[in-house]
Amino acid sequence: RRNHPRELAAAVRELNRMTCQLPFDDFEASLFCAEIDAANRALHYVNAGYASPLIVRSSSARVLALPHTGAVLGLTTRNGFEQRTVPFAAGDVLVAVGDRATLCEQALVETVRRYSTESSGDLVRRLMQVIPADRNADRTVVVVRSIETQEGGATDYTVADLALAM
């Protein structure tokens with residue numbers, strides 16, 4: 001467990017350094033790295049050139065894109081990576097899709113907005129139907145939903161209902 005949220009950016013900087021040392025010409029990789037802070041109902045993230053992940057707010061169905069906070073990995077060891085934090089309340093949904101899936105970005109956003117109250121597994125299945133079945137496309141889809149539970153009179157905030165498809 002990290003003691004300071006900035007260590008997430010430091011880990012991505014180290015990963016970038018190692019990527020730059022790979023013995024391949026012109027190798028680049030995008031990365032979205034996040035930590036969900038259930039105690040503070042927050043999402044800490046670093047987005048190294050990954051297609052913008054989305055958060056659907058349960059309170060308003062508003063869709064928030066999480067922009068890049070650094071370039072793709074492998075360009076140069078001088079890359080800077082910034083960590084950002086956004087609220088991640090009970091009922092909010094995080095959706096991340098592979099880079100090539102963004103070719104149908106508007107359809108993805110509409111699908112996420114329309115079906116955000118479905119289970120993570122059902123939302124992943126719907127998103128996979130929107131992404132073209134191209135053997136060269138990265139069709140990775142990750143959906144994470146935060147859930148607030150009540151047990152014995154106490155309210156507990158947990159992150160649950162995770163689904164992944166590739």
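By convention here, the first residue in the shown sequence is residue 1.
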Testing the basics here: between Phe81 and Ala48, what is the closest heavy-atom pair and its distance to 0.1 Å? CE2-CB, 3.7 Å
Identify the two heavy atoms, one from Val93 and one from Ser116, that lie closest to each other, and give their separation to 0.1 Å. CG2-O, 3.8 Å
Taking atom CG of Leu54 and atom CG of Leu66, what is their separation to the nearest 0.5 Å? 7.5 Å
Mark yes or no for whether His44, through its side chain, and Arg84, through its backbone, hold a donor-acceptor pair below 3.5 Å. no
Could you check whether any side-chain heavy atom of Pro87 comes within less than 4.5 Å of a side-chain heavy atom of Arg57, counting everything from C-beta outward? yes
When you measure from the side chain of Asn16 to the backbone N and O of Thr76, does any donor-acceptor pair fall under 3.5 Å? yes
Can you confirm whether more than 12 heavy atoms, excluding those of Arg114, are under 6.0 Å from its CZ atom? no
Can you check side chain to side chain contact (heavy atoms under 4.5 Å, CB included) on Val12 and Leu73, steps first, answer last? CA-CA 8 Å; Val12 174; Leu73 303 179; 4.0 Å; yes
So, taking the atom named CZ in Arg62 and the one named CD1 in Ile55, what distance separates them when rounded to the nearest 0.5 Å? 10.0 Å
With side chain to side chain contact (heavy atoms under 4.5 Å, CB included) as the test, would you mind laying out the steps for Val142 and Phe32 before giving the verdict? CA-CA 11 Å; Val142 179; Phe32 177 73; over 6 Å; no
Spatial distance of atom OG1 (Thr117) from atom CG (Asp122) [nearest 0.5 Å]: 10.0 Å
Has Asn47 got a side-chain atom pairing as donor or acceptor with Ser52's backbone, closer than 3.5 angstrom? no
Shortest non-hydrogen contact between Arg145 and Ser119, atoms and distance: NH2-C, 3.8 Å
Would a hydrophobic clustering, with Ile, Leu, Val, Met, Phe, Trp and Tyr connected at side-chain separations under 4.5 Å, put Val72 with Tyr50? no
Which atom names give the shortest non-hydrogen contact between Ala42 and Thr85, and what distance separates them? CB-CG2, 3.8 Å
I'd like to check Leu75 versus Glu28 (side-chain heavy atoms, cut-off strictly below 4.5 Å). Are they in contact? yes
Before you tell me yes or no, could you show the steps for Leu108 and Val95 under side chain to side chain contact (heavy atoms under 4.5 Å, CB included), namely the whole-Å CA-CA distance, both residues' side-chain angles and the distance that decides it to 0.1 Å? CA-CA 10 Å; Leu108 289 170; Val95 177; over 6 Å; no
For the side chain of Ser146 and the backbone of Asp92, is there at least one donor-acceptor N/O pair under 3.5 Å apart? yes
Please tell me whether Met18 and Leu8 are part of a single hydrophobic cluster in this structure, the criterion being side-chain heavy atoms less than 4.5 Å apart. yes
Between the OH atom in Tyr45 and the CD atom in Glu82, the distance rounded to the nearest 0.5 Å is 8.0 Å
Can you tell me how far CD of Glu14 sits from CD of Glu7, rounded to the nearest 0.5 angstrom? 13.0 Å
Would you say the side chain of Leu127 lies within less than 4.5 Å of the side chain of Leu123, judging by non-hydrogen atoms? yes
Check for a donor-acceptor pair, side chain of Thr19 on one end and backbone N or O of Gly74 on the other, with a separation under 3.5 Å. no
Please determine, by modelled atom types, if Gln21 and Arg17 share a side-chain donor-acceptor pair under 3.5 angstrom. yes
Distance in Å, Thr140 OG1 paired with Met128 CE, rounded so as to fall on 0.5 Å steps: 8.0 Å
Exam field: side chain Ser58 to backbone Ala90, donor-acceptor pair closer than 3.5 Å: yes
Checking Tyr115 side chain against Val124 main chain: does a donor-acceptor pair fall under 3.5 Å? no
